[in-house]
Amino acid sequence: MTEDREIIRLSGDQPETGSARIAAANAQGVEGLLGLAVAVVVVAGLFFAKDVLIPITLAILLSFVLSPIVSLLRRLRLPKALAVLTTVIAALGMIGGLGTLVGFQAASLSADAPKYAQTIEAKIDGVKVYAAEKMAFLTKTPARATPAAPTLTPGTRAAVPVRVLENEPSVLDTALGVLKPVLAPFETFVIVLVVAIFILMQKEDLRDRLIRLFGSSDLHRTTVAMDDAASRLGRYFLSQLAVNASFGIVVGLGLWWIGLPVPALWGILAGILRFVPYIGSLLAAALPLALAAGIDPGWSMVIMVAALFVISEPIIGYGIEPLLYGHSTGLSPLSVIVAAVFWTWIWGPVGLVLSMPLTLCLVVLGRHVPSLEFIDVLLGDRPALTPVESFYQRMVAGDPDEAIEQAETLLKERSLTAYYDEVALGGLKLAAEDARRGLVDHQAATRIVAAMIDVVHELDGQDETSASNIVIDRDKPLNPVASSTIARIPETAPVVLPNAPETWRADGTISCIAGRGILDDAVTAMLEQLLQKRQFGVRRVRNAAVARDAVAKLDLSGSRLICLSYLEIGGNPTHLRLLIRRLRRAAPAARILVGLWPEGEKALTDREIQLLIGADDYVASFGQAVEQCLRIAHDQAGEEARATA
């Protein structure tokens with residue numbers, strides 16, 4: 001009962017009932033089982049329908065590659081049909097030319113293949129002999145003599161080899177044997193070509209159907225998302241094709257300079273295999289290395305071929321690719337490996353080549369289609385948690401060290417005030433919401449506050465020279481209530497604020513008093529630190545010290561400003577109004593500022609709530625609080641100076 005009352009005290013609302021939580025858990029369980037069943041059906045469909053899905057997938061990817069070219073021709077006033085046919089014919093011509101070149105190159109290589117095989121076998125035998133000699137030297141065991149061939153005794157006859165002659169195959173069987181390996185790829189090629197043409201011709205109609213399927217409730221946003229996704233994928237695939245083609249050209253020219261036979265074949269193979277993530281370049285280098293070992297009796301050509309791949313791949317991968325489409329493909333490294341394994345298991349070698357484009361398509365769709373957002377979370381390279389969620393998770397885990405590391409990273413781009421406003425307050429708001437739902441008890445809230453105070457202490461050495469990102473008019477008294485909109489701008493450079501006047505630097509000049517929630521202690525600690533960095537004399541007071549039976553013992557005689565911190569007022573500000581009334585009696589000359597973090601926006605725009613609470617100033621962010629305290633202090637210091645003069 002005590003913990004339940006404390007939870008209610010933290011949030012101001014009743015926690016969820018046990019039956020509601022059980023019903024919510026059951027609903028989540030049913031949704032999880034349904035999602036698992038859908039995933040199993042989808043994977044099974046991909047596996048058993050691969051003969052149909054592979055050509056369609058190749059056609060879709062081909063349409064993504066050709067779509068920018070079609071769009072370019074359309075901008076040149078060509079009709080759609082003519083633009084599509086021109087693009088497809090040009091692609092067919094390029095593919096046919098490359099295929100013819102590969103055929104001639106492979107045919108010229110086949111004549112010398114036995115000689116290359118003998119050279120490789122000789123090198124392998126040499127390596128074996130060298131290894132056997134070294135092992136014999138290390139183990140001190142003499143090499144075994146080769147056993148002599150058995151001799152025939154008188155009266156025995158040597159075995160005579162027997163040759164079995166089969167019937168000569170017919171011309172039809174020979175023709176079928178030659179055509180059968182060619183028919184299946186040709187059939188797939190025709191299907192891919194026809195489907196790609198229809199996709200390019202009916203791109204807008206297909207887009208409208210996808211919009212109807214995934215986002216008809218918000219046509220504008222879904223249309224923009226689909227167009228953006230299609231254009232991004234088209235540019236990416238075209239850029240990747242250009243990069244891999246450049247890699248193939250560099251490899252082909254390099255192998256031609258080295259003197260390796262059929263360099264065009266290896267260049268084309270290198271460009272195709274580079275579509276395979278991570279291991280594509282290694283696979284492309286395997287055959288040229290083997291051929292170099294078969295041509296050169298020594299090892300110089302092998303070393304030059306290896307150096308060509310070792311030098312060209314980093315230049316292409318880390319120099320040219322980032323210039324074309326950024327430093328990242330949008331996929332996490334682990335997801336690329338997992339996707340390669342998955343698609344290889346589903347579709348074999350074709351799946352390995354298509355794993356990167358397919359996964360990228362799914363991630364782009366996940367970023368634009370809300371129902372597929374889980375794909376982006378699982379496979380994308382964006383952080384799974386926002387900075388606020390990550391901060392709160394580390395507070396719940398009681399691990400301030402990771403939170404400090406995250407804070408130091410974020411503080412390279414923003415001020416300490418902005419970090420507290422954007423991240424820390426957001427994390428404490430999540431804690432307050434969990435407390436309202438009954439998920440955070442008194443012990444957990446205490447642990448969160450302790451971890452937050454540790455973070456505040458560790459960040460005390462940060463140089464806070466930047467103002468808040470709240471745009472205000474410095475020539476007028478700050479009154480956030482008077483403005484319905486408060487513009488926020490990103491911090492690009494520190495804005496130097498004045499420090500506190502000399503008369504405001506004595507201890508206890510500002511009293512920062514925590515609200516009645518446990519989480520308010522952490523908020524008060526942050527405000528205290530920010531004010532101390534402006535050289536204010538600040539004293540932090542816990543809520544227990546201003547209770548009805550304890551406020552008389554609290555000495556507020558030296559306080560010129562009292563700052564109250566409330567993470568949320570729970571819809572009923574009566575307790576805050578009574579607290580301000582007690583503080584008025586204890587320090588009648590002090591000005592009272594109330595910070596409602598961050599649930600104060602409604603209160604700040606409601607005049608009735610302001611009058612009911614009875615404070616002098618209201619703020620909703622640390623930036624506003626610091627600037628308001630500085631303004632109050634300098635205004636009073638100016639009045640005192642004029643009165644003295």
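These numbers were taken from a predicted model, which means no experiment stands behind them. The analysis underlying the following values was restricted to heavy atoms, covering all of them including side chains, and did not include hydrogens, waters or symmetry mates.
- With a 4.5 Å cut-off on side-chain heavy atoms, Arg274 and Val243 count as touching.
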### Message
Please determine whether side-chain contact (heavy atoms from CB on, under 4.5 Å) holds for the pair Val195 and Ile199, giving the CA-CA distance in whole Å, both sets of side-chain angles, and the decisive distance to 0.1 Å.
### Response
CA-CA 6 Å; Val195 175; Ile199 291 176; 3.8 Å; yes
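- Side-chain atoms of Leu58 and Ile54, non-hydrogen and from C-beta on, do get closer than 4.5 Å to each other.
- Taking CD1 from Ile303 and CG from Leu308, the interatomic distance works out to 14.0 Å, rounded to the nearest 0.5 Å.
- Across Leu289 and Ala306, no two heavy atoms sit closer than the pair CD2-N, 3.7 Å.
- Taking CG of Leu73 as the reference point, atom CG of Leu85 lies at 11.0 Å (rounded to 0.5 Å).
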For a side-chain contact (heavy atoms from CB on, under 4.5 Å) check, start with the C-alpha distance between Trp343 and Thr359, then their side-chain angles and the critical distance, and finish with the verdict. CA-CA 9 Å; Trp343 289 110; Thr359 308; 3.7 Å; yes
Discussion item. Between Leu72 and Arg75, does the side-chain contact (heavy atoms from CB on, under 4.5 Å) criterion hold? Intermediate values first, please.
Written reply: CA-CA 5 Å; Leu72 178 62; Arg75 286 195 292 270; 3.9 Å; yes
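- Donor-acceptor pairing under 3.5 Å is recorded for the side chains of Arg394 and Ser390.
- Residues Lys429 and Tyr392 form no side-chain contact, since every pair of their non-hydrogen atoms from C-beta on lies 4.5 Å or further apart.
- No donor-acceptor pair under 3.5 Å is formed between the side chain of Ser67 and the backbone N or O of Phe64.
- Atoms CD1 and OG1, from Ile197 and Thr87 in turn, are 10.5 Å apart once rounded to the nearest 0.5 Å.
- Rounding to the nearest 0.5 Å gives a distance of 7.5 Å between CD of Glu458 and CG of Asp401.
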- Item | Verdict with reasoning, Leu193 to Leu92, per side-chain contact (heavy atoms from CB on, under 4.5 Å) | CA-CA 9 Å; Leu193 185 63; Leu92 285 176; 3.8 Å; yes
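- To the nearest 0.5 angstrom, Gln240 atom CD is 13.0 Å from Phe247 atom CZ.
- Considering every non-hydrogen atom in both Pro400 and Ala451, the closest pair reads CB-O, 3.8 Å.
- When every heavy atom of Thr344 is checked against every heavy atom of Ala340, the shortest pair comes out as OG1-O, 2.5 Å.
- Between Leu287 and Leu265, every side-chain heavy-atom pair lies at or beyond the 4.5 Å cut-off.
- Ala196 and Ser63 make their closest contact through O-CB, 4.5 Å (heavy atoms, listed as atom of the first residue, atom of the second, distance).
- Listed here is the closest heavy atom pair of Val305 and Pro288: CG1-CB, 4.0 Å.
- Using a 4.5 Å heavy-atom cutoff, the side chains of Met395 and Leu428 are not in contact.
- In this structure, the separation between OH on Tyr420 and CE on Met452 is 5.5 Å, given to the nearest 0.5 Å.
- Checking side-chain atoms of Trp266 against main-chain N and O of Pro261 turns up a donor-acceptor pair under 3.5 Å.
- With Trp347 contributing its side chain and Leu46 its backbone, the two residues share a donor-acceptor pair below 3.5 Å.
- Remark: of the listed residues Leu410, Val423, Leu430, Val423 is the sole one forming a side-chain contact (heavy atoms from CB on, under 4.5 Å) with Phe391.
- In this structure a side-chain-to-backbone donor-acceptor pair under 3.5 Å is present from Lys80 to Met201.
- The nearest pair of heavy atoms linking Ala59 to Val192 is CB-O, 3.5 Å.
- Between Gln406 and Tyr419, the closest side-chain pair of non-hydrogen atoms falls below 4.5 Å.
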